[in-house]
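Reviewing the structure listed below.
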Number of protein chains: 2
Amino acid sequence: MDNANPEITAASSTAGISIAAVERDTGLGKDTLRVWERRYGFPQPLRDACGERLYPAEQVEHLRLIKRLIDQGQRPGKLLRKPLAALAEQLAGSPPTIGADDTADWVVALLKNRDVDRLRTEFAQRLARDGLERFVIETVPALNRRIGDGWMRGEIEIFEEHLYTELIQNQLRASIYALGSRGSRPHVLLTTVKDEEHLLGLLMVEALLAANGAWCISLGAQTPVTDIIGAVRCTTTDIVALSFSGAYPWRKARDTLLELRAALPETTGLWAGGAALTGRRRVIPGIRIIDNLHAIEPALADWHAMRRATQNSGHCTEL
Amino acid sequence: MDNANPEITAASSTAGISIAAVERDTGLGKDTLRVWERRYGFPQPLRDACGERLYPAEQVEHLRLIKRLIDQGQRPGKLLRKPLAALAEQLAGSPPTIGADDTADWVVALLKNRDVDRLRTEFAQRLARDGLERFVIETVPALNRRIGDGWMRGEIEIFEEHLYTELIQNQLRASIYALGSRGSRPHVLLTTVKDEEHLLGLLMVEALLAANGAWCISLGAQTPVTDIIGAVRCTTTDIVALSFSGAYPWRKARDTLLELRAALPETTGLWAGGAALTGRRRVIPGIRIIDNLHAIEPALADWHAMRRATQNSGHCTEL
DNA sequence: AATCTTATTTGTCCAAGACAAAGCAGTTGA
DNA sequence: TCAACTGCTTTGTCTTGGACAAATAAGATT
């Protein structure tokens with residue numbers, strides 16, 4: 001008669017779920033949920049026998065919708081005052097196709113068909129046909145745009161985006177691994193800083209660097225600044241390369257870069273790229289902003305030129 | 001004279017880190033940290049100009065030690081009243097070097113020498129010599145223990161651990177990619193849930209599964225629960241496999257698993273493993289706990305047996 | 001058009017109190 | 001001997017309302 005596990009009953013009955021569960025499901029913090037309730041009157045959860053919040057499924061759904069719109073850049077204040085219907089409408093209609101590029105539609109079609117094997121094959125074939133450089137500079141960005149657009153329009157599920165990212169990353173990793181350049185200069189240390197988890201951009205850079213003879217060490221994502229400093233101090237790193245996605249606040253990126261610049265030896269190069277930095281013409285002293293993928297090759301060439309110059313002035317008088 | 005950027009001063013000084021950062025680093029909840037301070041007088045963080053907690057690095061280290069002992073089954077009340085020295089002794093004493101295995105010392109030596117190329121070669125050679133299965137089941141765990149142990153003893157820098165993880169992951173990815181089993185059953189969907197970012201365990205599982213003929217789709221790390229549900233709903237997934245590292249709170253893992261179990265179709269298997277779950281005697285209904293890597297092969301065998309049985313009862317009477 | 005101010009929005013933190021869920025210890029009954 | 005029930009203690013999470021820093025928008029300035 002009695003159910004031994006209260007959680008199961010709670011989940012199966014229509015009463016609602018706890019605030020911790022809502023945090024898990026929506027990604028909105030407990031504090032945020034409470035303060036919204038106080039300020040805007042939504043959500044308005046039921047209460048269980050001992051006064052704890054119980055969120056009905058429909059409110060959770062509503063919250064999830066709001067979260068999605070916030071991620072698109074909308075302000076919470078506006079969204080929380082609107083009725084559910086207006087939100088749904090807004091999500092459907094908003095972006096009228098930014099990069100109208102239907103040459104990448106095949107990737108969406110294959111994703112919708114869950115044709116993972118075919119996706120892998122397609123990626124591999126295009127890579128082989130166009131070469132790594134063109135694949136990274138042209139194909140992957142086009143696909144990224146198409147996927148991002150599809151997600152905004154609700155055409156693509158989140159997990160499909162996950163899957164796409166995973167497959168592309170694997171393809172890039174395999175290529176980099178196959179290149180296996182050893183010991184050649186420059187030695188580049190790649191990573192993203194704390195709170196920045198997007199690896200794809202970093203992998204694209206790594207692929208281009210490796211294709212041009214640089215020797216890369218990737219520390220993966222979210223390396224704290226102090227650890228980066230520590231890593232450089234005890235390795236033979238020539239250049240530190242960081243990636244900042246569009247989600248990363250520009251000011252924070254700049255501060256981080258300046259801090260790093262101050263802490264690193266002057267001989268160590270510091271390159272930074274990613275959507276958070278491109279488009280800003282602001283030059284940060286001592287830091288090379290990589291505006292786009294085409295900028296990597298010249299940057300490498302510059303490094304080699306500078307190195308030759310330094311060596312010459314050091315060892316010979318002139319050559 | 002005045003520093004324009006408060007972040008720089010804060011970060012470069014040894015002041016401490018915020019409560020949110022401690023939660024991330026230790027896996028202990030904000031509320032828990034505050035209530036410990038109130039009840040036991042530890043931790044006792046500094047305060048910044050506006051009264052917010054600032055945890056010095058040594059206290060965070062202390063907390064991490066406590067967390068580790070709690071995960072071994074000790075009671076918080078006892079641990080928090082003991083001085084640091086007693087704890088360290090306890091940890092050192094209880095498992096008298098768990099895997100007293102100095103055969104893994106080479107990895108530490110190479111890491112200290114920053115000999116990345118040699119590390120890659122060693123990994124690749126051992127993998128080729130022992131086979132993927134033995135490499136994943138024996139070698140990698142031994143290395144992990146050695147690294148974790150070295151880190152606890154301050155022998156290894158954090159970035160060296162980062163680097164090690166990255167290199168091993170690449171090796172595993174390359175192997176999985178090379179296997180490329182297509183379409184065969186079961187179809188396993190692998191991922192970690194939100195707030196769980198440790199991928200290595202997941203990759204090890206994926207390698208073993210792939211080596212035994214399963215067809216894996218990895219969604220990478222940090223997939224929200226609802227997205228997992230969505231992914232299963234529209235794919236031909238037979239089994240969902242999740243990994244929870246030791247830093248992940250056990251209670252949260254259990255709740256997540258129960259929620260998933262309730263939401264997934266009964267025919268879909270749900271496997272879970274990782275340090276957060278092993279060692280717990282508690283059985284969660286409907287969920288297969290993978291206590292260790294050896295448990296994967298039998299689990300796969302069971303799945304095949306069950307499938308045969310179901311098919312037989314469905315199509316024929318007996319065989 | 002890019003930067004610097006100022007105003008508003010918005011998320012996170014704090015405090016102490018409360019209490020349920022989990023664990024422990026001792027008792028009872030099969 | 002082991003399992004189940006009891007009461008007792010420990011322990012983590014939830015509650016409230018206030019406060020304020022960080023993020024963003026809007027306006028001013030070069």
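What you are looking at is a predicted structure, and each value in this text was computed from that prediction instead of being measured. First the proteins, then the strands, lettered A, B, ... as listed; each starts at 1.
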- line: The side chain to side chain donor-acceptor pair (under 3.5 Å) partners of B/Asp227 (sequence neighbours excluded) come to none
task: Take the C1' atoms of the five end pairs on each side of the helix from C/dA1-D/dT30 to C/dA30-D/dT1, get both axes, and report the angle to 10 degrees.
output: 50°
message: Tell me the interatomic distance from B/Asp48, atom CG, to C/dT12, atom C1', rounded to whole angstroms.
response: 13 Å
Can you give me every donor-acceptor pair (side chain of residues 53-66 of chain A, partner residue at least two apart or in another chain, under 3.5 Å) with its distance?
unit_1, atom_1, unit_2, atom_2, d
A/Arg53, NE, A/Glu37, OE1, 2.7
A/Gln59, OE1, A/Gln44, N, 3.0
A/Gln59, NE2, A/Gln44, O, 3.1
A/Glu61, OE1, A/Arg64, NH1, 2.9
A/Glu61, OE2, A/Arg64, NH1, 3.4

task: May I have the distance from B/Leu28 (atom CG) to D/dG12 (atom P), rounded to whole angstrom?
output: 8 Å
field: Protein-nucleotide distance (A/Tyr55, atom OH; D/dC14, atom C1'), rounded to Å
entry: 11 Å
task: Quick one: list whatever passes side chain to side chain contact (heavy atoms under 4.5 Å, CB included) with A/Ala262, sequence neighbours left out.
output: none
- request: Take B/Glu266 and B/Arg261 through the salt bridge (charged side-chain N to carboxylate O under 4.0 Å, His left out) test and state the conclusion after the steps.
  value: CA-CA 8 Å; B/Glu266 284 188 25; B/Arg261 181 67 280 175; over 6 Å; no
- prompt: So, do A/Leu87 and A/Leu69 sit near enough that their side-chain heavy atoms are less than 4.5 Å apart?
  reply: yes
- line: Sequence neighbours excluded, the answer for side chain to side chain contact (heavy atoms under 4.5 Å, CB included) partners of A/Ser18 is A/Ala20, A/Ala21
message: Please report the distance, rounded to the nearest Å, between CZ in A/Arg47 and C1' in C/dC19.
response: 15 Å
query: Given atom CD of B/Glu52 and atom P of D/dA21, what is their separation to the nearest angstrom?
result: 7 Å
- line: side chain to side chain contact (heavy atoms under 4.5 Å, CB included) filter on B/Glu23, not counting sequence neighbours, yields B/Lys30
query: Which whole-number value in Å describes the distance from A/Ile17 CD1 to D/dC14 P?
result: 12 Å
statement: residues 75-88 of chain A vs salt bridge (Lys or Arg N to Asp or Glu O under 4.0 Å), sequence neighbours excluded, gives none
- request: Look at the side-chain N and O atoms of B/Arg34 and state whether any lies under 4.0 Å from the OP1 or OP2 oxygen of C/dC13.
  value: no
- prompt: Below 4.0 angstrom from OP1 or OP2 of D/dT13, is there any side-chain N or O of A/Lys30?
  reply: no
Please tabulate, one pair per line, each protein N/O and nucleotide N/O from nucleotides 8-11 of chain C that are separated by under 3.5 Å, including the distance.
unit_1, atom_1, unit_2, atom_2, d
C/dT10, OP1, A/Pro76, N, 3.2
C/dT10, OP1, A/Gly77, N, 2.7
C/dT10, OP2, A/Tyr40, OH, 3.2
C/dT10, OP2, A/Gly77, N, 3.1
C/dG11, OP2, A/Trp36, NE1, 2.7
C/dG11, N7, A/Arg39, NH1, 3.2
C/dG11, O6, A/Arg39, NH2, 2.4

message: Distance check needed: D/dC14 P versus A/Leu46 CG, whole Å only.
response: 17 Å
Euclidean distance, atom CD1 of residue A/Ile19 to atom C1' of C/dA20 [Å, nearest integer]: 16 Å
query: Checking all strands, does A/Arg38 fall into the base, sugar-phosphate, or nothing category for heavy-atom contacts under 4.0 angstrom?
result: base
statement: Across all chains, not counting sequence neighbours, the side chain to side chain contact (heavy atoms under 4.5 Å, CB included) partners of A/Ala231 are A/Leu189, A/Leu219, B/Phe159
